[in-house]
Visitor: 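Below you'll find the structure I mean.
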Amino acid sequence: MTFTASGTYTEPFCALCGAAGGAVKFEYSDIKIICCSKCGLWRTCPRLSPDKLTAYYEKHYYSEGIHQSGQYEQWRDMYRDVWAINARVVKKEAVRRGLGTNGSFSLLDVGSGHGFFLEQCVALGVAAKGLETSPHAVEYAREKLKLDVRAIPLDELPAAEKFDVITLWGVLEHVPDPLLTMRQVHAHLNPGGMTWVMTPNTNAVERFVKGANYFNFLNKSHLTHFHRATLRALLEKAGFQNVRRYLHWGGGARSGIGAAAQYAARVFCLGTELRFIGEKGAEPHA
């Protein structure tokens with residue numbers, strides 16, 4: 001079955017190549033998962049309108065009710081080791097590349113959510129800031145975790161603000177125009193800076209096993225669905241150089257054989273997450 005998008009907000013053309021047509025991979029009562037016929041990027045059509053997306057986030061991610069139920073603290077405890085590993089890996093690579101001055105580098109976390117990653121960065125001495133559009137999440141990050149988080153989207157960040165590292169953890173699948181977002185990220189990086197992107201993997205083993213029940217497709221706030229080739233292509237089209245995957249051992253509740261299986265899935269790019277680094281080239285000399 002084929003699908004042709006109208007080019008509206010709810011039925012966008014492909015974010016990577018602009019094509020309208022695609023094959024319907026999965027169909028639900030109100031949405032379809034489309035694979036672009038030209039470049040292979042997957043997307044949700046029709047997507048939720050901005051107002052409905054806001055309501056979806058309120059229900060599933062950020063709300064006073066979720067906070068008061070203790071869910072924020074449960075998430076913080078459950079994934080503390082994951083965020084700690086991410087922070088250590090990012091800092092190690094930034095130091096290795098000599099970013100910043102005197103061993104200190106600046107970091108911006110786009111879509112910083114509740115601030116769990118920023119919390120770990122600050123604990124390592126990183127000059128880390130965040131951007132988050134949910135007022136509930138910003139309040140928690142500021143009041144509970146004492147973090148520097150602003151309640152603005154990336155496109156409202158002053159052009160003069162530059163960073164050595166910009167991270168997007170589970171963000172790119174949520175934005176309406178991922179290519180524009182990554183171009184904005186590129187513009188806010190210092191020369192020689194780098195971005196770290198993590199997003200669900202369309203070609204994960206779990207997707208082949210679960211099909212239409214794969215979590216990435218059931219989440220209606222996930223607007224674009226990447227696999228290795230399309231994420232690499234998008235980062236390169238946004239201007240990034242030396243685009244590559246990064247791997248690390250551990251993270252999450254798995255240990256022993258489970259951790260080994262998780263790492264093997266990452267090696268062969270069959271895990272549930274894609275993890276990529278992109279670099280901004282040095283500015284040409286005058």
Visitor: Taking the side chain from Asn201 and the backbone from Gly271, do they hold a donor-acceptor pair closer than 3.5 Å?
Guide: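 Looks like yes, one N/O pair under 3.5 Å.
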Visitor: May I ask you to decide if Gly40's main-chain N or O and His227's side chain share a donor-acceptor pair within less than 3.5 Å?
Guide: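 A pair under 3.5 Å: yes.
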Visitor: State whether the side chain of Tyr28 and the backbone N or O of Ala212 hold a donor-acceptor pair below 3.5 Å, judged by distance alone.
Guide: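 Yes; at least one donor-acceptor contact below 3.5 Å.
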Visitor: Only one of Thr8, Thr10, Thr4 clears side chain to side chain donor-acceptor pair (under 3.5 Å) with Ser6; which?
Guide: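 Single pass found, and it is Thr8.
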Visitor: Verify whether one side chain among His174 and Ser221 offers a donor that lies under 3.5 Å from an acceptor in the other.
Guide: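 Checked: His174/Ser221 side chains pair up, N/O donor to acceptor below 3.5 Å.
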Visitor: Tell me the closest heavy-atom pair linking His222 and Thr44, and the distance in Å.
Guide: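 In this case the closest contact between His222 and Thr44 is O-OG1, 3.1 Å.
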Visitor: If you compare all heavy atoms of Tyr214 against all heavy atoms of Ala204, which two are closest, and at what distance to 0.1 Å?
Guide: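 Between these two residues, the closest heavy atoms are OH-CB, 3.5 Å.
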Visitor: Is Arg76 salt-bridged to Glu119, cutoff N-O under 4.0 Å?
Guide: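 Salt bridge: yes.
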Visitor: Tell me every residue that passes salt bridge (charged side-chain N to carboxylate O under 4.0 Å, His left out) with Lys38, counting only those two or more places apart in sequence or in another chain.
Guide: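 Lys38 satisfies salt bridge (charged side-chain N to carboxylate O under 4.0 Å, His left out) with no other residue.
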Visitor: Looking only at heavy atoms, which two atoms of Leu231 and Leu172 are closest? And how far apart?
Guide: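 Answer, listing the atom of Leu231 first, then Leu172: CD1-CD2, 3.8 Å.
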Visitor: Is the number of heavy atoms from other residues, nucleotides or ligands under 6.0 Å of Lys237 NZ greater than 12?
Guide: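 Counting other residues, nucleotides and ligands, NZ of Lys237 exceeds 12 neighbours.
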Visitor: Under the 3.5 angstrom rule, does the side chain of Lys280 hit a backbone N or O of His186 as a donor-acceptor pair?
Guide: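 Such a contact is found between Lys280 side chain and His186 backbone.
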Visitor: How about Tyr61 and His136: are their ring centroids closer than 6.0 Å?
Guide: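 For Tyr61 and His136, the ring centres are not under 6.0 Å apart.
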Visitor: How about NZ on Lys162, more than 12 heavy atoms from neighbouring residues, nucleotides or ligands closer than 6.0 Å, or not?
Guide: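 Enclosed.
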Visitor: Return yes if some donor-acceptor pair links the side-chain N/O of Glu132 with the main-chain N/O of Gly113 below 3.5 Å, else return no.
Guide: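 Yes, because the side chain of Glu132 sits within donor-acceptor range (under 3.5 Å) of the backbone of Gly113.
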Visitor: Test Tyr56 against every option in Lys52, His60, Glu58 by the side-chain contact (heavy atoms from CB on, under 4.5 Å) rule and name the one that passes.
Guide: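 So the option named by the test is His60.
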Visitor: Donor-acceptor check, side chain of Arg47 to backbone of Pro12, threshold 3.5 angstrom: yes or no?
Guide: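 Side chain of Arg47 to backbone of Pro12, a donor-acceptor pair under 3.5 Å: no, none is there.
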Visitor: Output yes when a side-chain donor or acceptor of Thr54 lies under 3.5 Å from a complementary backbone atom of Pro50, and no otherwise.
Guide: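 At least one qualifying donor-acceptor pair exists.
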Visitor: Look at the rings of Phe217 and Trp42 and say which category their plane angle falls in: under 30° parallel, 30 to 60° tilted, over 60° perpendicular.
Guide: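 Rings of Phe217 and Trp42: parallel, as their planes differ by under 30°.
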Visitor: Taking the side chain from Lys32 and the backbone from Arg43, do they hold a donor-acceptor pair closer than 3.5 Å?
Guide: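 A pair under 3.5 Å: no.
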Visitor: Where the side chain of Lys91 meets the backbone of Leu124, is there a donor-acceptor pair that is under 3.5 Å apart?
Guide: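 Between the backbone of Leu124 and the side chain of Lys91 there is a qualifying donor-acceptor contact (under 3.5 Å).
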Visitor: Can you list the steps and then say if Arg150 with Glu156 is a salt bridge (Lys or Arg N to Asp or Glu O under 4.0 Å)?
Guide: CA-CA 10 Å; Arg150 280 175 282 180; Glu156 293 183 13; over 6 Å; no
Visitor: Would you find a donor on one side and an acceptor on the other, under 3.5 Å apart, between the side chain of Arg207 and the backbone of Thr202?
Guide: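 Yes, the answer is positive, given that a donor and an acceptor are paired below the 3.5 Å cut-off.
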Visitor: Side chains of Glu173 and Thr199: is there a donor and an acceptor less than 3.5 Å apart?
Guide: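 Yes - a donor-acceptor pair under 3.5 Å links their side chains.
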